[in-house]
Each structure stands twice: as structure tokens, then as C-alpha cells.
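Sequence lines set the chain letters: A, B, ... in the order given, protein chains first and strands last, and positions in each chain run from 1. Only a predicted model underlies this, so the values are computations on that prediction, with no experimental measurement involved.
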Amino acid sequence: MDKISVAQARQVEAVGREVRLQGWIRTRRDSKGGFSFLELNDGSCQGNVQILADASLPNYQSEILHLTAGCSVTVDGVVRASPAKGQATEVQAQAVTVHGWADAAKYPLQKKGHSMEFLREQAHLRPRSNTFGAVARVRNCICRSIHDFFQEREFLYIHAPIVTASDCEGAGQMFRVTTLDLGKLPRNEQGEIDYTKDFFGRSTYLTVSGQLEGEIFACALGKAYTFGPTFRAENSNTSRHLAEFWMIEPEMAFYELTDNMDLAEAFLKRICRDALERCPEDMKFFAERIDKTAISTLEGVVKSQFVRLSYTEAVEILLKCGQSFEFPVAWGTDLQSEHERYLTEQHFKLPVILYDYPKAIKAFYMRVNDDGKTVRAMDVLVPRVGEIIGGSQREERLDVLESRMKEHKLDPSAYWWYLDLRRYGTVPHSGFGLGLERTVQFVTGMANIRDVIPFPRVPGSADF
RNA sequence: UCCCCGAUAGCUCAAUGGUAGAGCAACCGGCUGUUAACCGGUUUGUUGUAGGUUCGAGUCCUACUCGGGGAGCCA
């Protein structure tokens, strides 16, 4: 007897095999004809396998007739073709062993649909629901695609530190890391908190980006990517923000901005294509239950060519489009969400890559164009989610970078090691950052980012 | 953090300032190679918290908590 997954048992190739299945009951239907139907799920796929439990089983009256959603069982039996509609196969049980009961009067998950808000409060049980099982599988598929994509292109997977002493990475508020006793802080002579007494001998924080470390490795080994947790202490309360999220940051030596855009486009297409090919059942579920356009959107991404548009051209389109916006469009100001959404959702109905932004609204490390007014930045915008990738060609010229840091009122001495990369053997290089959860949102159609990460951390909430 | 909306049974929701209800779930019974099964019956409440107005508050007012939508910041 082979132990197989529900996914395997649902395939017609399994017919005739004597197998062991282990998982959780989703529902039970009794027939007074003398048997019961059990729907068994083990997480291996979206669908359940139907178990036929005959009244002749020794524990039929005592146990099987009391099985409810959530009970855990081992089923030994024979896979056979199902005579009824709804499934290709079913399993005739020879033995059903109950491992754990789930009191139906108390078990929070019912057979019928629950709201996402309710399931979020049951984060320890929600992976047992159809939706969150599908999200978990697709999230896993996306992570696999990410590694496959870069590994096949000879990128090195680099582990950037999670604790960082760099308090000026410029990407928002940071979480402080300390072992100091908050009720008894050491003070120096000026009465300020004395961080030299802290664990690392200085102020430390959770990372907001692995980019600078990625640049170090790209400027030594050519192509690198980081893939790890990222922390932002911003008080953001939206369906697209988390305080703890996962980010992928490739960084490539000898890549200019167009190479960077080519890579980003190929990258997103690979993720979408793999989701369609490797998770067809889950994607069908998302299209039926979550977002009707889930599959067609991904097919569109795979087939289409992304629109590439300079910031200046985008501003011209927005000024001429006749659409009324809450915020006015003007060259030199950052585009608002409504502007970005108009471009990707209405005007082009495609992913859009915007590039060459005004330098005043972008980070210090982005390469200054010859016009002196714009920098080699790019944002990839997708329908419904908005900005999914942000990247740039990095400023590789030491003197330009130093003057840019001064413009941003940053102290170059704090970045001595970053500047060393330009001081010794500098190269043109580029990179970008992709938010994993926003990607999962885009692929699945899930509306809230809190529902595409197992245990969301947001302002005021770190449950589970 | 700002703007708007919401919180009523285990879940999803209804209830003109005047006796708190339905569907689903659960439980009991019936029926059936069933498919979110179906049919009949039974049970289910500190109406988010704390104040206030009123003869009377689920309903009106204030504050707070939590949730949702939008905005900002961004990935």
C-alpha cells in the first residue's frame, strides 16, 4: 500500500491502486443506502477526494457518522473511477482511522464561505480554507519561479543582513533593534541615550532594503539577488502595505536601465506563466471566486509587450487625456495613485514601465541623466496593485554621487563603503525591488495584502 | 496619520425612537450515488466599550476600540 497525496488520488492514473490517504475532513454526506461520502483534503491541491465509507466498516456507527469539518483521518482504500459527476476518481475505504476530532459546535470554520476579515482573525486555521490553501500554493509557486528565473540566468542568491546599522537607507521609518532596558536607559553626559552601551555598540535597526548589500556583491560577482524579509515602521493602513514583507532585489553589474527594464519584464512574465502552468486548479478557483479576470490578466501579461514610457511622456498623456483627477498633473511632481492607475488600467490596460523621473523626487543613488533634470529610475505599474517594481540604474560616478548625497543632506562619511564601490573599479550597474506580497496579490487577485502573507504584521497588530 | 463607512446569534445580515428577527451552521427526525445535497423541527443574544439625551435607545449625541474603503508613504 502506497501513501499518496489527494492530488495524486484525484488523477485517473491512480485508479486501481491500493493507497493510504491522510488529511482533514471538509464535509460528510450520508446515504441511508448504507454508506457515507467523506470529502478529504490534505493541502496538496485545491480539490478534495471523495471517500466512500461503507456501513460495514467496524467504526461506521461509532465514529464515521460523527465526522465533521476539521477532523483528521487516515484512510486506507482502493482508488476507483467515480460513477457520478463531479470527480474523476473516488476512494473506496477499507479502513478509516480518526486521529483528532473537531467539535462542530465550536470549530470556527464552517462549510460555507467566510469573510476575509473573519478568517484573518482565525489566522491559525485559515490555511485550512479553500482560499488560503490556494494562496499558499500560489505563493510557493511564485517563490520557486523567482529562484528558478535568477538561477537559470547565473545570478547568485545573496543573504543581506536583517539587522543593519545603517540608519539612513532613506526608505522610510525603521524598527529599532535594541537590548537596552527601556525602563532604565543609559545616558551620556549630555543626557542623550548612550547607544554605545547597546548590544552592537551603536544604534541598529531592521533592514528596509537589501539593495546596498546587493550592489556590493554585484560589483564583485556580476549578478546577484536578495530575497528576504523587509521591515518598514510606517504607519500605513492600506490594502497594499505591511510592516513586515518579503522583497526580491536583483542587482546587476554592467546593466543599464534598458537592460534593467528587459529583465523586470521577463521576470514578471515568467512568474505569471509559471502560475498558469503549475497552478491551473488554484488559478481557476481565483477566477471563479475571487477575481473574474485573474487568469485573463496573467495571460495578457505573458502575451503582451509592456508599455515603456518616460515620465515626461506620461505627464503629457495625463494632461491631454481629458480625465478629471483629484490631484493636478504637473511635470516635476510625483504621480498620484490615480494617475498611475489611469495609465495602467484605462489608457493602456497593460503593465506600464515609467522611466526617467525628475531627480528631485527620487533617491540619491539613481543615475543622473545628461539633461541634468532627470534620473534613470523606473517603476513597473500593473493594474489593480499599482507599483509592483521600483528600480533604477545606479549612479556609478563618484563625484556625481557625492554631490547628490549633499543635495539630499546625507553625510558621505556614513556611506564610505558604498562610495568605495565607485572609488575602486566602478561599473555601470542597475537593479530593482519587487514586493513579493504585491506580486501574490497581482497573480491571485486577492484584494488585501493581509490575506497573501501567512501572518500579517501591520500597525497595531502582530497576532499569531 | 487624514477623510468616509461600519460593528446586532457561531457565520452572513435585517429591524420608522416603542416586544431583537431571517438565512446558514449546530442539534433531532426524514429522504437520497451524494456534490455548498435536500425537506421538517429545535436551540442560539450584556446589539463593540464607556458615557449622555429620552417616559423609552440596536436606532439619536460624544469619546474610545476594532474592522472596511479611499488618500499619503512605498514594495
Side-chain angles (χ1 to χ4, degrees), chain A residues 26-39 47-54 66 68-70 80 82-87 90 92 102-122 129-130 169-173 208-211 228-249 264 288-289 325-327 334-341 361-363 379-382 385-391 432-442 447-453 458-461 463:
Chain A
R26 282 294 173 79
T27 181
R28 186 195 85 238
R29 294 180 294 271
D30 300 324
S31 166
K32 281 295 187 298
F35 51 91
S36 293
F37 298 99
L38 306 175
E39 292 281 344
N48 308 318
V49 68
Q50 176 165 284
I51 310 290
L52 268 90
D54 214 80
H66 298 97
T68 53
R80 60 184 203 190
S82 178
K85 282 180 185 170
Q87 60 280 316
E90 61 188 24
Q92 178 72 49
D103 184 347
K106 293 177 186 164
Y107 186 59
L109 300 187
Q110 298 173 1
K111 228 181 317 186
K112 304 254 171 182
H114 290 289
S115 67
M116 296 297 166
E117 294 79 21
F118 172 74
L119 289 170
R120 218 172 285 150
E121 293 169 4
Q122 308 290 333
S129 68
N130 287 329
E169 290 183 36
Q173 289 291 111
V208 294
S209 167
Q211 179 194 319
T230 309
F231 306 87
R232 305 268 168 96
E234 297 286 355
N235 192 5
S236 297
N237 294 287
T238 80
S239 56
R240 315 181 296 285
H241 287 86
L242 292 165
E244 176 185 289
F245 63 100
W246 287 66
M247 189 155 64
I248 298 92
E249 295 178 287
E288 283 170 0
R289 305 287 280 273
F325 295 111
E326 189 185 345
F327 295 93
D334 227 344
L335 296 179
Q336 302 289 316
S337 288
E338 57 176 342
H339 305 142
E340 296 180 342
R341 267 208 315 275
I361 59 173
K362 287 291 181 183
D379 284 351
V380 181
L381 312 176
V382 293
V385 171
E387 184 180 342
I388 198 168
I389 282 177
F432 62 81
L434 172 89
L436 175 65
E437 285 74 19
R438 287 190 183 174
T439 307
V440 180
Q441 267 189 287
F442 178 66
N448 196 311
I449 200 166
R450 299 171 192 205
D451 300 326
V452 296
I453 189 168
V458 296
S461 169
D463 293 336

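Here A:Ile389 lies in heavy-atom contact (under 4.0 Å) with sugar-phosphate atoms only. Within the 4.0 angstrom heavy-atom criterion, no nucleotide atom of any strand lies near A:Thr68. Backbone-only engagement by A:Arg450 is indicated by non-hydrogen atom pairs under 4.0 Å involving sugar-phosphate atoms exclusively. As judged by a 4.0 angstrom heavy-atom cut-off over every strand, A:Gln50 is placed among the base-contacting residues. The residue A:Ser115 sits close only to the backbone: its heavy atoms come under 4.0 Å of sugar-phosphate atoms, none of a base. No engagement by A:Leu436 is indicated, since no non-hydrogen atom pair under 4.0 Å with the nucleic acid exists. In this structure, A:Phe118 reaches the sugar-phosphate backbone alone: every heavy-atom distance under 4.0 Å involves primed, P, OP1 or OP2 atoms, never a base. If you check every strand for non-hydrogen atoms under 4.0 Å, A:His241 touches a base.
By the 4.5 Å heavy-atom criterion applied to side chains, A:Arg450 and A:Val458 are counted as neighbours. At least one side-chain heavy atom of A:Phe37 sits less than 4.5 Å from a side-chain heavy atom of A:Leu52. At a threshold of 4.5 Å between non-hydrogen side-chain atoms, the residues A:Ile388 and A:Phe442 count as touching. Using a 4.5 Å heavy-atom threshold, the side chains of A:Ile389 and A:Asp379 count as separate.
Taking the P atoms as reference points, B:G40 lies 13 Å from B:A25, given to the whole Å. If you take atom P in B:A20 and the same atom in B:C61, they sit 22 Å apart, rounded to whole Å. Comparing the P positions of B:A14 and B:A7 gives a spacing of 8 Å, expressed to the nearest Å. Taking the P atom of each, B:C73 and B:C64 are spaced 26 Å apart, rounded to whole Å. Comparing the C1' positions of B:A36 and B:G23 gives an interatomic distance of 14 Å, to the nearest angstrom. If you take atom C1' in B:U8 and the same atom in B:C4, they sit 22 Å apart, rounded to whole Å. Taking the C1' atoms as reference points, B:C31 lies 46 Å from B:G69, given to the whole Å. Straight-line distance between the C1' atoms of B:U44 and B:C27: roughly 11 Å, to the nearest whole Å.
Closest approach to the A:Ala104 side chain among B:A26, B:A71, B:U34 is made by B:A26 (side chain taken as heavy atoms from C-beta onward). Set against B:A71, B:G67, B:U34, the side chain of A:Ala84 has B:U34 as its closest nucleotide. Counting only heavy atoms from C-beta on, A:Phe327 has its side chain closest to B:A71 among B:G70, B:A71, B:U1.
At least one side-chain nitrogen or oxygen of A:Arg341 sits closer than 4.0 Å to the OP1 or OP2 atom of B:A71. Between A:Arg29 and B:A37, a side-chain N or O to OP1/OP2 separation shorter than 4.0 Å is present. A:Ser337 has a side-chain polar atom (N or O) that falls below the 4.0 Å cut-off from OP1 or OP2 of B:G72.
Where A:Trp246 and A:Arg28 meet RNA chain B, the nucleotide closest to each residue was compared, and A:Arg28 sits on the side nearer the 5' end. Each of A:Pro108 and A:Asn448 has a nearest nucleotide on RNA chain B; the 5'-most of these lies closest to A:Pro108.
We find that CZ of A:Arg26 is positioned 14 Å from C1' of B:U35, with the value rounded to whole Å. The interatomic distance linking A:Phe245 (CZ) with B:C73 (P) rounds to 16 Å, in whole Å. Note: CG (A:Asn237) to C1' (B:C74) measures 14 Å, nearest angstrom. Atom CD in A:Glu338 sits roughly 19 Å away from atom P in B:G69 (whole-Å rounding). Counting to the nearest Å, the P atom of B:C5 and the CD atom of A:Glu117 are 18 Å from each other. Nucleotide B:A26 holds its C1' atom 9 Å from the CG atom of A:Asp103, rounded to whole Å. For A:His114 and B:A25, the NE2 to P distance is 11 Å, given to the nearest whole Å. A straight line from CZ of A:Arg232 to P of B:G72 spans 17 Å, rounded to a whole angstrom.
A:Glu90 contributes a side-chain N or O that forms a donor-acceptor pair with the base of B:G33 under 3.5 Å. Judged by distance alone, with hydrogens and angles left aside, A:Asp30 brings no side-chain donor or acceptor close enough to the base of B:U34 to form a pair under 3.5 Å. For A:Gln87 against B:U35, a side-chain-to-base donor-acceptor contact under 3.5 Å is present. In this model, no side-chain donor or acceptor of A:Ser236 finds a partner on the base of B:C74 within 3.5 Å. Within 3.5 Å, no donor on the side chain of A:Arg240 pairs with an acceptor on the base of B:G69, nor the reverse.
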Could you walk me through whether A:Trp246 and A:Thr230 pass side chain to side chain contact (heavy atoms under 4.5 Å, CB included), step by step? CA-CA 6 Å; A:Trp246 287 66; A:Thr230 309; over 6 Å; no

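Pairing of B:G6, defined by two Watson-Crick or G-U wobble distances under 3.5 Å, is identified with B:C66. For B:A71, the paired nucleotide is B:U1, the pair qualifying as Watson-Crick or G-U wobble because both relevant distances are below 3.5 Å. Using the Watson-Crick or G-U wobble rule with both distances under 3.5 Å, B:G33 pairs with nothing in any strand shown. B:G23 is paired with B:C11 under the criterion used here, namely a Watson-Crick or G-U wobble arrangement in which both key atom distances are under 3.5 Å. Using the Watson-Crick or G-U wobble rule with both distances under 3.5 Å, B:G40 pairs with B:C28. Summarising the base pairing, B:G56 is matched to no nucleotide, lacking a Watson-Crick or G-U wobble pair whose two defining distances lie under 3.5 Å.
Here the CZ-CD distance, from A:Phe327 to A:Gln336, works out to 5.0 Å after rounding to the nearest 0.5 Å. Here the CG-NE2 distance, from A:Asp103 to A:His66, works out to 12.0 Å after rounding to the nearest 0.5 Å.
When atom types are taken as modelled, the side chain of A:Gln441 and the backbone of A:Ala447 share a donor-acceptor pair closer than 3.5 angstrom.
Residue ring and nucleobase are not stacked for A:Phe37 and B:G33 under a centre distance beneath 5.5 angstrom and an angle between planes beneath 30°.
Summarising the geometry of A:His241 relative to A:Arg438, their closest heavy-atom pair is NE2-NH2, 3.5 Å, with the distance given to 0.1 Å.
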